[in-house]
Amino acid sequence: MSASVSAASVRISIAYQNWHRFSRNPTALIGAAIVTIVVLAALLAPWIAPHPDHVGAIVNFRVRHQPPSAQYWFGTDNVGRDIFSRVLFGYRISLLLAAVVLGFAVPVGATLGLLAGYFGGWMEILIMRLTDVALAIPPLVMALAVTAVLTPNLLHAMFAIAALWWTWHTRLIFSITRTLRHQEFVEAARTLGASRFHILFRELLPNCASAILVKVSLDFGFVILIGAALSYLGLGVQPPTPDLGTMVANGADFLPDRWWESLLPGAAILFVALGFNLLGDGLRDLYDVESVR
Amino acid sequence: MSAPLIEIIGLSKAFPLRGGLFGGIRGDVKAVSDVSFSLAKGDVFGLAGESGSGKSTIARMIMGLTHPSAGAILLDGLDLTGLPLALARSKAVQMVFQNPGSSLNPRRSIGQSIAVPLEARKIARADVERGVARLLDMVQLPADFSTRYPHELSGGQKQRIAIARALAVEPQLIILDEPTSALDVSVQAKIIELLNELRRSLGLTYIFISHDLSLMRNFASRVGVLYLGRLVEEGPTRKLFEAPAHPYTRSLLAAVPVISAEEEAIKPKAPIVEGEIPSPMNQPPGCAFHTRCPLAFGLCDQQNPEAYWLDGDHFARCHLLAPDAASLGAKPIETLKRENAG
């Protein structure tokens, strides 16, 4: 009885210590706050946006090119739509893109990394050389190629980025697994008759979890940036769906006089990318994971 | 003597040494050369030797973590060398690793770690939980330890968990690879006591690997001394400690620190060997020990000594024991004692 109470209290105190260390890191706290704000804004966009109807293909020429004001916080665009409302909905697209890309890249990359790192030999040669080849192609170039062949839309952009993004996770998990492979707890599991599946996913994977978490947090920012770049080039999300990159591109025609139309959506991209990066850096310091760039 | 539970016959392991531009095999590291011994059910076989003498390689070969280059490992007459590391093998032989800190997965709870061998045998969920509690009880730990994580435990507690996990499959033989070397002396004694109790109550057989000879004297029933991958002396613990025949065994025993005058009196008088164990990549010709042996003579760097039986169950590999050693220029073993006393 007392033993279980003390065990529970030990665990609570470790959670508290982690929070304590995390909370003393101002950049991590700022990152966490930004990420929380962006995620909440995206989830609640239909309810908190001042002009939720401005998301679609409506025109309102009476108020086109309005500068930021109390009614239109980020001003209005060339057809009179509220830019702030569209930024909130744009976050939905950005986060969805990053979540889908990483939802594919992390399991695939981690599994390949575990296989290459644990088994070594021809498995390692095959997987890691394939990874090297894929790494040689910049994701943006791949996305340009894919969307040039297929029709440019959100799905194809996701596909193009995800098709290369797993490589980073393969490399990360490979390097961790290779150092863990000869640890006594892995050999102990082998001598106890554990299956390969058990060793890979129950013994090794949990030891990669903190590195994956840090990497995913950093990746969210990068994938959002790439998605915005594709949309800016007209190869990602197509109008009238609001997307941060598309909004920057549309507003760029009216620079510098109507600066809000492209600068404020641009600042929104900066805001979310910065948030995920600061959070990732904070988590890296917290878990002391050196292997994640 | 009853039929042996495990018989090791001519076990050898040479690791290929790769190098050069194309990674060709340039030579090999003879980690273990022609080791044979056997032990009966309920025995404790102590394997002693310095670091690099091949103790752990022997353990890994019996466990199936390393494939032997030659030789056979018979368990109840069944040769294990061909068997892959699989369920069938893990049922027969288990191992307790040297470092309790790294032999438990830091990210898995104690209960999850102990359950590994049970789950590998597709035992029902409820039975697994009961099994974990029973195993914890066997190593004298409370059942609620199963929710804890390794970092919450002391070294001795972790080693008990490692023992419980090895017991889960009810193996016949447990290899203890320096199970106490990472622990405090007071904790060591308790672990040894627990291992002894388990051996008596479950009829277990142990191969106990250690460099701690005083521990071995109290725990093992037979002792084999390894030097550079070769078993240089083997015999019942009492005979080996009271009348060591190999100069290496003598110097090992002489190096054991003692407290009382009685212990000092029965300790063999031999100089402590100088220098390091030679590299197994570059083994000296003849007897492996001749480079450090205070009694080496003409024959020693020429020819590998055969095993000379002192009794039916005690042998040593040393040219000094040859019937015609004196005529070949050897100083008798007794000169060591005199030189030391003087």
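Chain naming here is simple, since letters A, B, ... match the order of the sequence lines and numbering starts at 1 in each.
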*Asks:* For B:R60, which atoms come within 4.5 Å of any heavy atom of chain A: side chain, backbone, both, or neither?
*Replies:*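 When you check distances to chain A, only side chain atoms of B:R60 fall under 4.5 Å.
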*Asks:* Pick one of side chain, backbone, both or neither for B:Q112, based on which atoms fall under 4.5 Å of a heavy atom in chain A.
*Replies:*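 For B:Q112, neither part sits under 4.5 Å from chain A.
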*Asks:* So, for B:I62 and B:I207, which heavy atoms are closest and what is the spacing to 0.1 Å?
*Replies:*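 So the minimum-distance heavy-atom pair works out to CD1-CD1, 3.7 Å.
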*Asks:* Is B:E50 paired with B:K55 through a side-chain N to carboxylate O contact shorter than 4.0 Å?
*Replies:* no
*Asks:* For the pair A:F201 and A:F197, name the ring-plane relationship: parallel under 30°, tilted 30 to 60°, perpendicular over 60°.
*Replies:* tilted
*Asks:* With a sphere of 6.0 Å drawn around CZ of A:F159, does it hold more than 12 non-hydrogen atoms of other residues, nucleotides or ligands?
*Replies:* no
*Asks:* Kindly check if the number of other-residue, nucleotide or ligand heavy atoms within 6.0 Å of CZ (A:R202) is above 12?
*Replies:*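 Atom CZ in A:R202 is not crowded, with 12 or fewer foreign heavy atoms closer than 6.0 Å.
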*Asks:* Quick check: under 4.5 Å, non-hydrogen atoms only, which of residues 121-132 of chain A neighbour chain B?
*Replies:*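 Listed by number: none.
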*Asks:* Under 3.5 Å, side chain of B:T180 to main-chain N/O of B:L183, donor-acceptor pair present?
*Replies:*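 Side chain of B:T180 to backbone of B:L183, a donor-acceptor pair under 3.5 Å: no, none is there.
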*Asks:* Do the charged groups of A:E203 and B:R107 touch, with an N to O distance under 4.0 Å?
*Replies:*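 Looking at B:R107 together with A:E203, the answer is no, because their closest N to O distance does not fall below 4.0 Å.
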